[in-house]
Amino acid sequence: MIDTLANYLSYDFVRHALVAGSLSAILAAVVGYFVIIRNVGFASHALAHIGFAGAAGAALLGLSPLEGMLLLTVSSGVFMGATGDKLQRRDLAIGMVLSMALGLGTLFLRLYSTYAGQAKAILFGNIFGVSKSQITEMVVLSLISLGGLAFFSRRLLFASTQPLLAEARGLSLTGISIAFMVVLAVSVTLASQVVGVLLVFTLVIAPAGIALRLCRSFWSGLIVSVLLGLVAVWVGILLDCLTDLPVTFWIAAMFFVLYLVVEGYCRFFTRSDR
């Protein structure tokens, strides 16, 4: 089996998949940690589905679905961020917008089926189809996003855990919310390259959610989240090569099983402590 894996690693498309998957996993795990802290999981889910309309619309115009998705998710992220603390009270509005976006995406695919395969790759993920130019885009977007997040991470954490106190000290909650939602939009776009927009939650929510159950400090939880995301993506890609089953399935299955194990462990020991 080791020889088989070594043989697969000699192919460019497998190495490209590992690089692209690593970039997506790192950014998604870091951003996902703040998503859970800020309780905006539904917004991240909505951004992924809204991005499908952008991918399909770009395909209709003969452009890159990745760029179309990025444009629409970032625009929507700015709008969501501008709502500030009202975001959590607008689930119905967000749900209606993403429903309309999915409808538009379906319409775009029907109108111009020539590029439907590209848009469907965004919908379901196609990590082995990532090109060198796309990897370059992903590297740039990841570095900018992580750099921006590092720049205002302290203020973001403060505003997320103590919003009233942060506002009283002069922090702009709306500005921080917009900046974070833009980073989240980029993260969702990159994660869709690995698992597709239908399973973006797999990379954005699962690693961070499991890490928060296991760790009590911020930094330890963040590191565990990144490690979980990286290992899941690497193992998923290699298992895809060996079994010919989709990487999306393997990643989702690993996180689901791990979640059950961790949840059972935490519940058992919590009851034991009591």
Side-chain angles (χ1 to χ4, degrees), residues 18 21-45 47-48 87-88 142-143 145-166 171 173 176-177 179-188 190-191 194-195 199-239 247-248 250-274:
L18 289 171
S22 298
L23 292 172
S24 300
I26 292 172
L27 182 59
V30 173
V31 174
Y33 205 79
F34 286 99
V35 167
I36 294 179
I37 293 176
R38 293 180 64 83
N39 193 27
V40 290
F42 183 57
S44 64
H45 179 71
L47 282 175
L87 179 62
Q88 297 176 15
S142 298
L143 291 177
S145 299
L146 290 173
L149 196 60
F151 177 74
F152 68 94
S153 60
R154 289 182 179 274
R155 284 170 288 177
L156 176 62
L157 182 61
F158 185 33
S160 301
T161 55
Q162 300 289 338
L164 296 179
L165 182 58
L171 287 181
L173 298 185
I176 291 175
S177 180
F180 175 70
M181 292 305 294
V182 169
V183 175
L184 175 60
V186 175
S187 174
V188 165
L190 297 188
V194 181
V195 295
L199 288 174
V200 161
F201 256 26
T202 306
L203 281 183
V204 176
I205 299 297
I210 294 173
L212 280 170
R213 292 290 286 162
L214 293 174
C215 306
R216 296 187 178 182
S217 71
F218 172 78
W219 287 110
S220 62
L222 194 62
I223 292 172
V224 170
S225 177
V226 171
L227 290 176
L228 287 175
L230 284 173
V231 170
V233 168
W234 291 343
V235 174
I237 290 174
L238 295 177
L239 285 176
V247 60
T248 303
W250 287 116
I251 295 175
M254 282 186 287
F255 277 129
F256 180 70
V257 172
L258 183 59
Y259 167 76
L260 292 179
V261 172
V262 170
E263 190 68 19
Y265 173 84
C266 293
R267 286 179 179 272
F268 175 79
F269 279 93
T270 299
R271 290 180 180 179
S272 298
D273 292 340
R274 290 179 182 178

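Everything numeric here is computed off the predicted structure, so don't read it as measured data.
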What closest approach, in Å, do [X] and [Y] show between heavy atoms, and which atom pair accounts for it?
{"X": "Pro163", "Y": "Leu173", "value": "O-CD1, 3.7 Å"}
{"X": "Val233", "Y": "Ser22", "value": "CG1-N, 4.4 Å"}
{"X": "Ala29", "Y": "Ala208", "value": "O-CB, 4.2 Å"}
{"X": "Ile176", "Y": "Ala159", "value": "CD1-CB, 4.0 Å"}
{"X": "Val247", "Y": "Ile237", "value": "CG2-N, 3.5 Å"}
{"X": "Ser44", "Y": "Val35", "value": "OG-CG1, 4.2 Å"}

Inset, instruction - Just do the side-chain contact (heavy atoms from CB on, under 4.5 Å) check on Leu47 and Met181 with the steps written out, would you? - result: CA-CA 9 Å; Leu47 282 175; Met181 292 305 294; 3.9 Å; yes
For [X], what residues pass the side-chain contact (heavy atoms from CB on, under 4.5 Å) criterion, not counting sequence neighbours?
{"X": "Leu227", "result": "Ile223"}
{"X": "Leu146", "result": "Ile26, Leu27, Val30"}
{"X": "Val235", "result": "Val231, Leu239, Met254"}
{"X": "Ala252", "result": "Thr202"}

Legend entry - Exam field: side chain Ser24 to backbone Leu190, donor-acceptor pair closer than 3.5 Å: yes
Legend entry - Residue pairs involving residues 150-161 (criterion side-chain hydrogen bond (donor to acceptor under 3.5 Å, both in side chains); sequence neighbours excluded): Arg38-Ser160
Inset, instruction - Not counting sequence neighbours, list each pair that qualifies as a side-chain hydrogen bond (donor to acceptor under 3.5 Å, both in side chains) and has a residue in residues 220-231. - result: Ser217-Ser220
Considering only heavy atoms from C-beta outward, does the side chain of [X] approach that of [Y] to under 4.5 Å?
{"X": "Val186", "Y": "Val31", "answer": "no"}
{"X": "Leu228", "Y": "Phe255", "answer": "yes"}
{"X": "Val226", "Y": "Pro207", "answer": "no"}
{"X": "Phe34", "Y": "Leu149", "answer": "yes"}

Inset, instruction - Please list, chain by chain and in numerical order, all residues satisfying ring pair (Phe, Tyr, Trp, His ring centres under 6.0 Å) with Phe151, sequence neighbours excluded. - result: none
Legend entry - Any residue meeting ring pair (Phe, Tyr, Trp, His ring centres under 6.0 Å) with Tyr33, in chain and number order, not counting sequence neighbours: Phe218
Inset, instruction - Check side-chain hydrogen bond (donor to acceptor under 3.5 Å, both in side chains) between Ser142 and all other residues, then give those that pass, not counting sequence neighbours. - result: none
Legend entry - Inter-residue atom distance Leu23.CG - Ser187.OG, 0.5 Å rounding: 11.5 Å
Inset, instruction - Can you run down the salt bridge (Lys or Arg N to Asp or Glu O under 4.0 Å) pairs that involve residues 254-266, sequence neighbours left out, and say none if there aren't any? - result: Arg213-Glu263, Glu263-Arg267
